[in-house]
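These notes concern the structure reproduced below.
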Amino acid sequence: MPKTLLILLGPTGVGKTDLSIEIAKYFNTEIISCDSRQIYEEMRIGTAVPDQQTLQTIPHHFIRSHSIHNYYNASKFEEEVLERLELLFQAKDVVLMTGGSMMYIDALCKGIDDLPEVDDELRKSLMERMETEGIESLRNELRYHDPVYYNEVDLRNPKRILHALEICLMTGKPYSSFRINEQKKRPFKIIKLGLNRDREVLYNRINQRVDAMFDEGLEKEALNLYPFRNLNSLNTVGYRELFDYFDGKLTIEEAKEKIKANSRKYARKQLTWFRRDSEIVWFTPDKKKEIIAFADQQLME
RNA sequence: GGUGCCAUAGCUCAGUCGGUAGAGCAACGGACUGAAAAUCCGUGUGUCCCUGGUUCAAUUCCAGGUGGCACCA
C-alpha cells in the first residue's frame, strides 16, 4: 500500500477541525495542521486553535509550534512538513493534513521554487523606499533588472514588486530566472477532500464563532500582543481590527463587526483559490460516512 | 383622532429644476511561488411604497391610500 497524505481543506469556519478528528481516528493516524496562523504559539483564541482536549485526543503537528517573532513562509512550511511526513510515514500508511492556507497546501503538494532567503536589512530599506519614493520608483528599477517579470506582474501590487526586486538585488540575477515553476514529485499519494456548505450557514457559523472568541477573551489576547502589532504574523484577521480599536480608530463594536466581515471575506477568497484546483473532491461536512468511504476507496487504487 | 415629516440597492442614505438613478458598508467574482488570515484587481444586484391624475414623458409634480417617525390631543 502506497503512503498517502489525505488533505482536508475548506474555508474558515466550515467545520474542518471536528471532521479531521473523526477521520484521524478512523485511520488511526496523526494530524498535520496547514494553517499559517495557528502555527504561531502566541495566538490561540483568534486563530481558532482546537481546544486542549481535542489536541490530546489526536497528536497534532505545526500547531503553536513557531514564534511570531521568527520569519516564516510557505517554503519553510514545505520543507518542515516534508521532513515530518517522512518520519510519520515510517509508522503510518496514512497521514491527515488539515487546514485552509491555500498557498501552504500548494507549496507542499506541488513544491515551490528555490529562492535565496531575503536579507532583513534589504527588505527594510526597500520598504522605506516604497514609503518615501512611491511604488513607481521601485517599478522602474524592477523593469531595469527584470523586464520579463515586469511584463507579467501586477504592477499595482506593492508586495509583488518589492519581493521581485529584493531577489534581483540580492542575487544579481532577474527574479524571473528563479521562477521555473517546476511541479515537484512527492514520494506519497495525495488525496484532496474539500469541505463546503451553504453560504448563509457558513456565514452564520463564522459570525457566531467571532462572538464566542470575544466571550473567551480575544480582546485580552490581542492586548497582550499589541506591542508586536507591526509583525507580519500579527497582520491577522481578529487581531489587526482590535489593534485599531486600541489605537482609537474603531469602537469595540465596530472592531467586532469588522472581524466578522473580514473573516467572511477570507472564506470567500479561500473558495476562489480552491475552485480552480480540479483535484479537490467536494463534500458537505455532514457527509462524514461518504467522506471516509471515499478516502478508503481512493487508498486502494 | 389632528398636524407635520419621511418612504429610492440587503443596510444607512444621496439625487433627479420631469427624460427610468448613485455613494459608503454589506454582497458577488477574479488574480496569486517566500508577508498568503498577506497583497492586488473587478462587478450595482433596483416595481425609486401602492393607486389614480396632469404630461409626449412621472421615481421626481398633484390627490388619495398604506406604512413609519415626531409633535398635539
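The sequence lines fix the lettering, A, B, ..., with proteins before strands; numbering per chain opens at 1. Computed from a predicted structure; not experimentally measured.
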Gap in Å between the two P atoms, one belonging to B/U59 and one to B/C48, rounded: 7 Å
When the C1' atoms of B/G19 and B/C72 are considered, how many whole Å apart are they? 42 Å
Pairwise P distance, B/C5 and B/A14 [rounded to whole Å]: 16 Å
Please measure how far the P atom in B/G15 lies from the corresponding atom in B/A7, and state the result in whole Å. 10 Å
B/C49 and B/A58, which share atom name C1', separated by this distance in whole Å: 15 Å
Pick the C1' atom in B/A57 and in B/G42, then give their distance to the nearest Å. 36 Å
Are A/Arg186 and A/Phe188 in a cation-pi setup, meaning NZ or CZ lies under 6.0 angstrom from the ring centre and within 45 degrees of the ring axis? no
How are the rings of A/Tyr226 and A/Phe243 set relative to one another: parallel (under 30°), tilted (30 to 60°) or perpendicular (over 60°)? tilted
Watson-Crick or G-U counterpart of B/G18, or none if no pair lies under 3.5 Å: none
Looking only at side-chain atoms of A/His163, point me to the closest of B/A35, B/C32, B/A26. B/A35
Would you kindly give the CZ-to-P distance between A/Arg264 and B/A26, to the nearest whole Å? 8 Å
Whole-angstrom distance between B/C17 and B/G1, as gauged at atom P: 38 Å
Checking contacts here: which listed nucleotide (B/C40, B/G34, B/A26) is nearest the side-chain heavy atoms of A/Met103? B/G34
Considering every strand shown, what is the Watson-Crick or G-U wobble mate of B/G44 when both distances are under 3.5 Å? none
Apply the syn/anti split at 90° from 0 to B/G10 and say which one it is. anti
Taking atom C1' in both B/C25 and B/G44, what distance in whole Å separates the two? 14 Å
For atom CD1 of A/Ile39 and atom C1' of B/G34, their distance in whole Å: 14 Å
With a 3.5 angstrom cut-off on both distances, give the Watson-Crick or G-U wobble partner of B/A73, or none if there isn't one. none
Nearest to the side chain of A/Arg275 - B/G34, B/C28, B/G30? B/G30
